[in-house]
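For reference, the structure discussed in these notes is given below.
Only this structure's heavy atoms are used, side chains among them; waters, hydrogens and symmetry mates stay out. All of these numbers come straight from a predicted model, not from anything done at the bench.
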Amino acid sequence: MTEPVKGPAGYFPSIEKKYGRPISEWKDLIRSSPPTKHMELVSRLKTEHGLGHGHANALVAHTLAEDKGK
């Protein structure tokens, strides 16, 4: 039996279903944004793309953590 995905990535299936774009596109969008702070990126996703706060926060948190680990 596989463990359920935890943390920000747990939101990914519902994000793809609700907004119709793959997670890779959202991550590319976040990475192509001018260098900004976490909450500025969240706000941008919410205002410019209509994402809910939880979904936007999960995408930004996961993307920034990935990039920090590189």
Answer whether the closest heavy-atom distance between the side chains of Tyr19 and His49 falls below 4.5 Å.
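They are not in side-chain contact.
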Less than 4.5 Å apart, side chain to side chain, heavy atoms only: is that true for Leu51 and Trp26?
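A side-chain contact exists here, since the closest heavy-atom pair is under 4.5 Å.
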Can you tell which of Ile15, Leu41, Leu64 makes a side chain to side chain contact (heavy atoms under 4.5 Å, CB included) with Leu59?
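Exactly one pass, corresponding to Ile15.
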Please report the shortest heavy-atom distance between Ala58 and Pro8, naming the atom on each side.
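Here Ala58 and Pro8 meet closest at O-CB, 3.4 Å.
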Which atom of Ile30 lies closest to which atom of Leu45, heavy atoms considered:
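Looking at all heavy atoms of both residues, the closest pair is CD1-CD1, 4.0 Å.
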How many angstroms lie between OG in Ser33 and CD in Glu48, if you round to the nearest 0.5 Å?
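It is 7.5 Å, given to the nearest 0.5 Å.
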Can you tell me how far the CD atom of Glu25 sits from the CG atom of Leu29, to the nearest 0.5 Å?
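Taking CD in Glu25 and CG in Leu29, the distance rounds to 9.0 Å.
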Which residues share a side-chain hydrogen bond (donor to acceptor under 3.5 Å, both in side chains) with His38, sequence neighbours left out:
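side-chain hydrogen bond (donor to acceptor under 3.5 Å, both in side chains) list for His38, sorted by chain: Asn57.
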Arg21 vs Glu16, side chain to side chain contact (heavy atoms under 4.5 Å, CB included): CA-CA, chis, key distance, verdict:
CA-CA 5 Å; Arg21 294 171 80 172; Glu16 289 180 328; over 6 Å; no
Compute whether any side-chain donor of one residue and acceptor of the other, for Lys27 and His62, lie under 3.5 angstrom apart.
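The criterion, which ignores hydrogens and geometry beyond distance, is satisfied for His62 and Lys27.
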Before giving the answer on side chain to side chain contact (heavy atoms under 4.5 Å, CB included), spell out for Arg44 and Thr36 the whole-Å C-alpha distance, their side-chain angles and the decisive distance to 0.1 Å.
CA-CA 10 Å; Arg44 186 173 186 183; Thr36 56; 5.8 Å; no
